[in-house]
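Bear in mind that the values here come from a model prediction, so they are computed numbers and not experimental data. Along the sequence shown, residues are numbered consecutively beginning with 1.
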Amino acid sequence: QVPLVESGGGSVEAGGSLRLDCVVSVGTFSNYYMGWFRQVPGKGLEWVAAISWSGDSTDYAASVKVRFTISKDSAKTTLYLQMNSLKPEDTAMYYCAADDVDSDYECPGGLAEYEYGYWGQGTQVTVSS
């Protein structure tokens, strides 16, 4: 069973918006922080945003701050990435990631790939100029 499944990618013109969803398989985790990463062919993973288990704490890469919003639904089974004012340089494969944490751990997910043990299959976002 795939623990994380992304959707919502697609093609959009610069200045447009997209929302990415990441569904967490129920029963996969007890408590977990989550994050979004992206990757362009030939380059390494780039951290985009992260959110705490409760959803109360978030963090963003400087390149997307103000334009992107990370959030969870109240049941904590779906992670979202609302992307506004998209730029051609946002074109990439986007991945959601998660890792188990203690229920009282309030920090957002980490910035590094190794801090996440579970990954989705990715969804492509293409922004044309």
**OP:** Drop me the distance from Ser129's OG to Glu13's CD, to the nearest 0.5 angstrom.
**Re:** 9.0 Å
**OP:** Quick one: do Leu20 and Met83 satisfy side chain to side chain contact (heavy atoms under 4.5 Å, CB included)? Show the steps, please.
**Re:** CA-CA 8 Å; Leu20 305 184; Met83 306 185 294; 3.7 Å; yes
**OP:** Could you pull out all residues at least two apart from Trp53 that satisfy ring-ring contact (aromatic ring centres under 6.0 Å, His included)?
**Re:** Tyr32
Original post:
Looking at Tyr33 and Cys107, what are the two nearest heavy atoms and their distance?
Top reply: CD2-O, 4.0 Å
Original post:
Can Thr91 and Gln124 be said to form a side chain to side chain contact (heavy atoms under 4.5 Å, CB included), step by step?
Top reply: CA-CA 8 Å; Thr91 295; Gln124 178 68 36; 4.0 Å; yes
**OP:** Show your reasoning for whether side chain to side chain contact (heavy atoms under 4.5 Å, CB included) applies to Glu89 and Ser63.
**Re:** CA-CA 10 Å; Glu89 50 264 44; Ser63 60; over 6 Å; no
Original post:
To the nearest 0.5 Å, how far apart are CG in Leu4 and OG1 in Thr78?
Top reply: 11.0 Å
Original post:
So, Glu6 side chain and Gly122 main chain: donor-acceptor pair closer than 3.5 Å or not?
Top reply: yes
**OP:** With sequence neighbours left out, write down each residue that passes salt bridge (Lys or Arg N to Asp or Glu O under 4.0 Å) with Asp59, or none if nothing qualifies.
**Re:** none
Original post:
Roughly how far, to the nearest 0.5 Å, is the CG atom of Leu86 from the OG atom of Ser128?
Top reply: 10.5 Å
Original post:
Can you say whether the rings of Tyr116 and Phe37 are parallel (under 30°), tilted (30 to 60°) or perpendicular (over 60°)?
Top reply: perpendicular
**OP:** Please round to the nearest 0.5 Å and tell me the distance separating atom OG of Ser11 and atom CG of Leu18.
**Re:** 8.5 Å
Original post:
Roughly how far, to the nearest 0.5 Å, is NZ of Lys72 from OG1 of Thr58?
Top reply: 11.5 Å
Subject >> Sequence neighbours excluded - ring pair (Phe, Tyr, Trp, His ring centres under 6.0 Å) pairs with any residue from residues 59-102 >> reply: none
Original post:
With hydrophobic residues grouped by side-chain heavy-atom distances under 4.5 Å, do Tyr105 and Leu111 end up in a single group?
Top reply: yes
Subject >> side chain to side chain contact (heavy atoms under 4.5 Å, CB included) between Arg38 and Val64, worked out >> reply: CA-CA 12 Å; Arg38 64 188 182 186; Val64 306; 4.0 Å; yes
